[in-house]
Each structure stands twice: as C-alpha cells, then as structure tokens.
Amino acid sequence: MTRFNDYYKNYIDGAWVDGGAGRIEVTNPGTGAVLTEHALANASDVDRAVQAAKRVHESGVLTTLRPVERGRMVKAMGQYILDNDQMYAEMLSEEQGKPLWEALIEIRGAARYFEYYGNQAETVEGKSIPLGDGYIDYTVYEPYGVTAHIIPWNYPVEMAARSVSAALTTGNTIVVKSAEMTPVTSMIWGHAAEAAGLPKGAVNVLCGYGHEAGAALAGHPDVRQVVFTGSVATGTRVAEAAAKNVVPCVLELGGKSAAIVHDDADLDAFERDIRWGIFFNAGQVCSAMSRVIVHESRKNELVDRAVAIAQSLSVGPGIDRPEFGANMGSMVSEQQRDRALGLIAGAVDQGATVATGGHALNIPGAFLEPTIISDVTPHMTIAQEEVFGPVMSVLSFKDEEEAHQISNSTEFGLVGGVFTKDLGRATRATRAIRAGQIFVNEWYAGGVETPFGGFGKSGYGREKGREALWNYVQTKNVAIKMS
Ligand code: NAI
Ligand code: MG
C-alpha cells in the first residue's frame with residue numbers, strides 16, 4: 001500500500017498552497033477507500049497561477065535562453081520522472097485504479113515526451129524568404145506565453161506530459177488544471193520543474209472543479225493558448241471560453257474508433273489487438289478499439305476469440321497485484337462504471353447480444369467485467385457513443401464499401417484500423433477512413449513520434465510528433481528594406 005500524506009496542495013508560483021475552494025477527497029476506485037485530500041482551487045487561485053506564468057514569460061527568462069539550454073531543462077524534467085517512477089506509479093495506480101504495471105508504463109511514457117521534445121528544442125527554425133534585391137525577409141517562431149493544460153483522469157500524468165513538454169520546449173509557461181478524480185500524481189510537475197531548475201512560476205499545477213477552476217482557466221484573458229482532452233461537451237465549452245479571448249485551442253475529444261477485419265485477416269495476431277485495443281486501462285482510452293467491423297464469414301470465429309480473451313483476464317485492484325501479468329484494473333469511478341453499464345443495457349434493449357461480461361464485479365470498487373457485445377448494428381447507441389470502458393462492440397459487413405461506410409458512420413474520427421493481408425484493400429481503407437490516424441494490422445502502432453488527433457467531433461489540432469511543436473508557437477515575419 002502506498003503511504004499517502006493526509007493532504008496535498010496546489011503548486012502556484014513555486015509554492016505549495018491551499019485552495020480557495022477548500023478540499024476534495026481522493027478515493028481509490030479499486031477499493032472505494034478514501035486515500036487523502038487535495039486542495040481545490042477557485043478562480044482567484046487560477047488568476048494567481050496565470051499571473052505568475054505571465055510574469056515569467058514577460059521576464060524573458062525562458063524565451064531568451066539558447067534553445068539547447070531550454071531543451072536540457074525539459075529533458076531534466078523527464079529524468080526526474082524516471083528517477084521517481086516507482087513512487088509515482090504506485091500513487092497513480094491507487095488514485096486512478098489502473099494496475100501497477102500499467103501505471104509504470106504511463107509514468108515512463110510521460111518521461112519519454114520530455115526526452116522527445118527536449119531533444120528538439122534547437123530544431124525549431126524559421127525560414128528566409130526571397131523578396132528580390134534590397135530586402136531581407138525571415139520568419140521566427142515565438143511562444144504564445146501562458147498556456148493552459150486541462151487534463152483528464154484516464155492518463156492523468158501522460159496527458160499532461162504530452163502538452164507540457166512541447167509547450168515548455170518552445171518557451172511557453174504553464175498552468176495545469178488536473179482532473180478532480182486524479183489530482184495527486186500531478187504534483188509531479190511541481191517537483192519536476194524544481195528538479196530541472198525552472199524559474200518559480202514557469203509551471204503551476206492546480207486541482208479544481210471543471211466548472212469552477214477549469215472554466216476560469218479556459219476563459220482567463222491572459223491565457224494565450226489552451227490544450228484540452230476530455231469529452232465533446234466540455235471541449236465545446238472550453239473552446240467557446242477561449243474563443244471569447246480569440247485564443248487557439250487543441251481539442252482531443254475521444255472517439256468511437258473501428259477496426260475493419262477482412263476475411264483474410266490474421267486472427268491469431270488480432271487477438272493481441274483485442275487484448276490491448278479495448279482492455280488496456282480498462283478501455284478508458286480515447287483511441288480505444290471500441291468497434292470491430294468484421295467480414296460476416298468470420299464473425300463467429302472472431303466473437304469466440306474475443307470472448308476467450310475477455311475471459312482470460314484477471315480483474316482486480318491494481319496495487320494488490322504487482323506481478324506483470326494479463327490483468328485489468330478498475331474504472332476511474334463508480335459513476336463512469338455505471339454509465340458504461342447503462343450503455344450495455346441500452347444495447348441489449350436495442351437488440352444486441354452480450355457475448356461475455358456486462359456486469360459489475362461483486363466486490364468493492366468500480367470494476368466492470370471485460371465485455372464483448374455482438375450483433376451490434378451501426379445505428380445502435382452503443383455503436384455511436386463513447387463507452388470509455390472495457391466494452392467492445394462487434395458489427396459485421398458484406399463488402400468493402402459497406403465496411404468503410406460503417407467505419408465512418410459516427411460523428412467521431414480519432415483513429416481507425418484495417419486488418420488484411422491484401423495491400424490494395426489496406427490502402428483503399430487508409431484513404432476511405434475518416435480519422436486522424438490509421439492503423440494497418442496493428443492497433444496502437446505508432447508512438448510519441450507520430451502525430452495524433454481527430455477528424456470531426458474527435459477534435460482538432462495534433463499532439464505528439466514534430467507537428468505538435470507548432471501548436472505552441474506563432475510565426476512572426478520580419479521584412480527588412482535594406483538602405
Ligand atoms: P470532462 O471532459 O468533463 O473532464 C475532463 C477535464 O475537463 C477535467 O479536468 C474537468 O475538470 C475539466 N472540465 C470540466 N468542465 C469544464 C469546464 N466547463 N471548463 C474547463 N474545464 C472543465 O470529462 P468527464 O465528465 O470526466 O467524463 C465524461 C466522458 O468524457 C467519459 O465517459 C469519456 O467518454 C469522455 N472522456 C474522454 C477522454 C479522452 O481521453 N478523450 C478523457 C476523459 C473523458
Ligand atoms: Mg481517484
């Protein structure tokens with residue numbers, strides 16, 4: 001059992017401080033036990049954090065550094081994370097519900113972002129534009145200033161790492177608003193910033209309610225750029241608040257992503273994609289493989305295999321099972337679990353079949369059985385709405401065109417996949433599927449290096465990859481008339 005302190009504070013302008021909105025209890029969704037309390041920020045705490053970040057930005061201390069020096073600081077934050085991975089993984093497992101081994105993957109994955117972007121600090125170069133005799137013209141990329149990072153609870157550390165690393169690399173300052181269900185591990189940002197020698201106020205971290213601290217941050221007039229990951233409804237609100245200040249956002253809003261499985265697909269290999277695509281992090285993954293669209297000739301075989309994978313998983317409190325095995329933790333909260341149960345019940349009402357799972361576990365904690373639903377048709381609610389849990393829907397198709405059409409039949413467009421040995425089929429699917437990233441023959445192929453983001457209501461802007469650096473800079477063109 002991790003030993004939590006009784007109480008954790010917000011980190012504003014280099015100091016650990018109480019919250020103007022009081023405290024919130026933090027629970028372990030794997031047991032239902034209260035772990036600790038966390039400070040809750042109100043709008044005036046948000047304002048103090050933004051003013052601190054603004055002061056640091058305007059001082060020029062980060063922007064005038066030679067980029068290699070800034071990159072070294074960013075990499076030092078990653079090193080701090082790696083040096084303390086076990087401690088943070090244990091805390092993360094308990095406050096979020098994921099098994100310890102998954103929590104370690106997340107913490108190390110977070111460090112990887114700081115390595116990747118820190119290495120690129122000195123590669124953000126402008127260009128020179130010829131204007132004919134008598135002129136010199138060039139572009140420079142300047143940071144926005146104060147950037148806001150509104151973080152979800154499914155990967156509380158990795159999602160913050162993803163945007164904070166790129167924003168700092170390009171010389172911006174940071175205010176993180178952690179998710180109120182998973183705030184404790186976010187103290188990592190204060191400690192990492194101190195370990196890396198960043199000036200006080202460059203990185204600020206606060207927990208607060210979305211409608212209060214989150215809304216105050218998204219709409220703050222001195223915030224110059226906003227990154228949000230979460231639901232479509234909240235993302236829309238965040239974008240509206242930012243738009244009032246004419247501030248750009250990056251929105252990553254989840255999906256209902258589908259794998260198209262052709263009649264020639266290697267189903268032995270696909271079992272691995274089922275294991276990871278829908279049961280990793282108990283399915284609370286924006287790019288989860290929540291729909292499988294299989295050729296009708298192989299539907300029964302695929303459902304049987306999926307049922308076997310689901311039934312092979314052991315499910316329980318993550319911190320009690322430190323062994324590296326195939327297991328699955330709890331969902332983040334009973335509310336999220338019950339929401340998933342409601343969607344499963346609705347699917348049955350609409351004519352789908354629960355092939356396995358579909359129930360809460362009869363133990364304390366927010367557990368849901370690994371669930372496979374078959375006989376799903378494209379217009380059912382379960383085929384349209386994000387469950388955000390360990391629930392995979394199986395649909396079937398007769399011909400390729402129908403498969404593509406079903407794949408594109410939701411409002412989302414985050415990722416998509418195609419499984420076939422036929423290169424022609426695969427490449428036709430890569431063109432037909434409306435999504436920001438396409439997987440061919442391996443779900444989740446890619447990494448920190450590959451741009452990630454949505455089409456449609458899955459959001460806009462790209463995170464990860466070099467592209468993400470350009471979220472955090474604005475182009476300044478300098479045109480010089482030579483005398
Ligand atoms: P949410 O989108 O409301 O919460 C995400 C973050 O936004 C949290 O930090 C929250 O405090 C903040 N927030 C809430 N209201 C805000 C506001 N008015 N202004 C600024 N920030 C605000 O998500 P929620 O309600 O926790 O989960 C509901 C569903 O959202 C899930 O079932 C899932 O489908 C989806 N979701 C998707 C995620 C993804 O990775 N794409 C992550 C989390 C949730
Ligand atoms: Mg919790």
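Not measured: the values here are computed from a predicted model. First listed ligand is number 1; within each ligand, the first listed atom is number 1.
At the top of the distance list for atom 40 (O) of ligand 1, counting protein heavy atoms only, stands Asn154 ND2, 3.2 Å. The protein atom (non-hydrogen) at minimum distance from atom 34 (O) of ligand 1 is Glu386 OE1, 2.8 Å. Ser231 OG, 3.9 Å is the protein heavy atom nearest to atom 23 (O) of ligand 1. Among protein heavy atoms, the minimum distance from atom 7 (O) of ligand 1 is reached at Phe228 CE1, 3.2 Å. Annotation: atom 26 (O) of ligand 1 to nearest protein heavy atom, Trp153 NE1, 2.6 Å. Regarding atom 38 (C) of ligand 1, its nearest protein heavy-atom neighbour is Phe388 CZ, 3.3 Å. Closest protein heavy atom to atom 17 (C) of ligand 1: Gly210 O, 3.3 Å.
For the 3.5 Å distance criterion, the side chains of Ser290 and Glu386 fail to qualify, holding no donor opposite an acceptor. Looking only at atom types and distance, the side chain of Glu463 has no donor-acceptor partner in the side chain of Ser163 under 3.5 Å away.
Distance check, rounded to the nearest 0.5 Å: CG of Leu251 to NZ of Lys457 gives 12.5 Å. Atom NZ of Lys200 and atom CZ of Arg55 lie 10.0 Å apart (nearest 0.5 Å).
Of all atoms in ligand 1, listed by their number and element, those nearer than 4.0 Å to a heavy atom of Ala179 are 9 (O). Near Gly254, the atoms of ligand 1 lying under 4.0 angstrom from a non-hydrogen atom of the residue are 41 (N). Applying the 4.0 Å criterion to heavy atoms of Pro152 picks out, from ligand 1, the atoms 42 (C), 43 (C). Of all the atoms in ligand 1, the ones that sit under 4.0 Å from a non-hydrogen atom of Ile151 are 6 (C), 8 (C), 9 (O). Of all atoms in ligand 1, listed by their number and element, those nearer than 4.0 Å to a heavy atom of Gly214 are 19 (N), 20 (C), 21 (N). Under a 4.0 Å criterion applied to the non-hydrogen atoms of Cys286, ligand 1 contributes the atoms 39 (C), 40 (O), 41 (N). Ligand 1 places these atoms under 4.0 Å from at least one heavy atom of Thr234: 1 (P), 2 (O), 3 (O), 7 (O), 13 (N), 14 (C), 15 (N), 16 (C), 17 (C), 22 (C). Less than 4.0 angstrom separates some heavy atom of Leu253 from each of these atoms of ligand 1: 41 (N).
Assignment of Ala218 to the shell around ligand 1 is not supported, since no heavy atom sits closer than 4.0 Å. Heavy atoms of Glu385 come nearer than 4.0 angstrom to ligand 1 in no pair at all. Within the 4.0 Å heavy-atom cutoff, Tyr155 does not count among the residues contacting ligand 1.
Using bins of under 30°, 30° to 60° and over 60° for the plane-to-plane angle, the ring pair Phe419/Phe270 lands in the perpendicular bin. His211 and Tyr209 have parallel rings, their planes meeting at less than 30° on a 0 to 90° scale where 60° marks the start of perpendicular.
The shortest N or O to N or O distance between Tyr209 and ligand 1 is not under 3.5 Å.
Heavy atoms of Met159 found under 4.0 angstrom from ligand 1: none, in either backbone or side chain.
Closest heavy-atom contact between Leu62 and Leu198: CD2-CD2, 3.9 Å. Shortest non-hydrogen contact noted between Ala242 and Cys249 is CB-SG, 3.5 Å.
Considering Gln336, Lys256, His149, Glu240 only, the shortest heavy-atom separation from atom 28 (C) of ligand 1 involves Gln336. Here the shortest heavy-atom distance to atom 5 (C) of ligand 1, taken over Thr229, Ile150, Thr182, belongs to Thr229.
Without hydrogens or angle criteria, Arg275 side chain to Ile309 main chain gives no donor-acceptor distance under 3.5 Å. Checked by atom type and distance alone, the side chain of Glu95 pairs as donor or acceptor with a backbone atom of Thr185 at under 3.5 Å. Put simply, the side chain of Thr450 gets close to the backbone of Gly447: a donor and an acceptor are under 3.5 Å apart.
In this structure, the side chains of Met331 and Pro390 come closer than 4.5 Å at one or more pairs of heavy atoms.
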Distance-only donor-acceptor hits, side chain of residues 217-230, under 3.5 Å, sequence neighbours excluded:
unit_1	atom_1	unit_2	atom_2	d
His220	ND1	Asp222	N	3.0
His220	NE2	Asp47	OD1	2.7
Asp222	OD1	Lys54	NZ	3.4
Asp222	OD2	Gln51	NE2	3.1
Arg224	NH1	Pro221	O	2.9
Gln225	NE2	Asn471	O	3.4

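At a distance under 4.0 Å, a protein heavy atom can be found next to atom 36 (N) of ligand 1.
Checked against side-chain contact (heavy atoms from CB on, under 4.5 Å), Ser407 has the following partners two or more places apart in sequence or in another chain: Ala258, Ile260, Ile293, Ile433.
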